[in-house]
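All figures in this text were calculated on a predicted structure; none of them were measured in a lab.
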Amino acid sequence: MKNMNQMMRQVKKIQQQMEKAQEELKNKTVEASVGGGVVTVVANGHKEILSISIKPEVIDPDDIEMLQDLILAAVNDALKQVDELVAKDMSKFTGGLNIPGLF
């Protein structure tokens with residue numbers, strides 16, 4: 001019974017550390033630029049887009065599709081980087097195992 005109580009305390013401690021690490025991800029950011037830096041997206045570790053910067057020279061009213069594609073590519077790249085950041089930060093708790101739904 002003593003071992004079970006110790007184990008439960010350890011599990012609770014790890015859970016608290018994971019919650020803290022997940023909260024800290026909100027303050028970590030990634031930046032993705034495309035098109036030679038004409039579109040830049042900044043996102044945090046909670047997959048919130050914090051900013052999108054678009055250089056004026058890329059805005060062409062006759063080719064709005066290109067701008068849309070650049071924005072889409074930058075957002076997708078930023079979100080991919082967030083996934084990698086989260087996996088890296090959480091791997092210390094999972095030992096590198098990918099546990100679906102954990103984070």
Side-chain angles (χ1 to χ4, degrees):
M1 191 60 119
K2 182 179 176 184
N3 286 341
M4 182 63 99
N5 287 337
Q6 272 184 319
M7 187 174 77
M8 293 306 290
R9 278 195 298 274
Q10 186 67 20
V11 167
K12 184 173 177 119
K13 181 180 176 185
I14 292 171
Q15 182 181 18
Q16 290 170 338
Q17 290 172 335
M18 285 181 71
E19 288 171 1
K20 182 180 178 192
Q22 286 175 330
E23 185 57 34
E24 289 172 354
L25 283 168
K26 189 169 190 169
N27 298 319
K28 294 183 178 183
T29 60
V30 298
E31 183 177 292
S33 291
V34 297
V38 294
V39 175
T40 302
V41 172
V42 177
N44 69 16
H46 283 186
K47 289 190 174 181
E48 297 168 335
I49 303 301
L50 302 177
S51 68
I52 298 175
S53 300
I54 302 170
K55 293 200 175 174
E57 61 265 20
V58 76
I59 299 171
D60 178 356
D62 295 327
D63 192 6
I64 200 71
E65 274 188 26
M66 181 186 69
L67 179 58
Q68 292 170 337
D69 289 345
L70 288 168
I71 293 169
L72 187 61
V75 168
N76 284 332
D77 187 32
L79 294 178
K80 179 181 174 201
Q81 288 183 44
V82 170
D83 286 340
E84 292 167 359
L85 176 69
V86 169
K88 180 182 169 215
D89 279 11
M90 292 297 135
S91 68
K92 59 187 164 197
F93 301 108
T94 64
L97 295 175
N98 183 11
I99 304 172
L102 186 57
F103 39 83

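Contact check for E24 versus K20: side-chain heavy atoms found under the 4.5 Å cut-off.
Both V75 and I54 sit in one connected hydrophobic cluster of ILVMFWY residues. Membership requires side-chain heavy atoms under 4.5 Å apart, directly or through other members. Transitive grouping of hydrophobic side chains (ILVMFWY, heavy atoms separated by less than 4.5 Å) keeps L85 and L50 in distinct clusters.
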Could you list the donor-acceptor pairs under 3.5 angstrom formed between side-chain atoms of residues 29-43 and any protein atom two or more places apart in sequence or on another chain?
| unit_1 | atom_1 | unit_2 | atom_2 | d |
| --- | --- | --- | --- | --- |
| S33 | OG | T40 | OG1 | 2.9 |

Pairs under 3.5 angstrom only: tabulate donor-acceptor contacts from the side chains of residues 64-73 to other protein residues two or more places apart or in another chain.
none

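Considering only residues two or more places apart in sequence or on other chains, D60 meets the side-chain contact (heavy atoms from CB on, under 4.5 Å) condition with D62, D63. Scored by the side-chain contact (heavy atoms from CB on, under 4.5 Å) test, Q15 finds E19 as partners (sequence neighbours excluded). Partners of E48 according to the side chain to side chain donor-acceptor pair (under 3.5 Å) rule, which considers only residues two or more places apart in sequence or in another chain, are N44.
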- Applying side chain to side chain contact (heavy atoms under 4.5 Å, CB included), run through M7 and N3 and close with a yes or a no. CA-CA 6 Å; M7 187 174 77; N3 286 341; over 6 Å; no
- Message: Run Q10 and Q6 through side chain to side chain contact (heavy atoms under 4.5 Å, CB included) and show every step you take.
- Response: CA-CA 6 Å; Q10 186 67 20; Q6 272 184 319; over 6 Å; no
- Task: Please lay out, stage by stage, how K12 and Q16 fare under the test side chain to side chain contact (heavy atoms under 4.5 Å, CB included).
- Result: CA-CA 6 Å; K12 184 173 177 119; Q16 290 170 338; 3.7 Å; yes
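The stretch residues 70-89 participates, sequence neighbours left out, in these salt bridge (Lys or Arg N to Asp or Glu O under 4.0 Å) pairs: K28-D89, K47-D83.
Looking at H46, its side chain never comes within 3.5 Å of a backbone N or O of N27 through a donor-acceptor pair.
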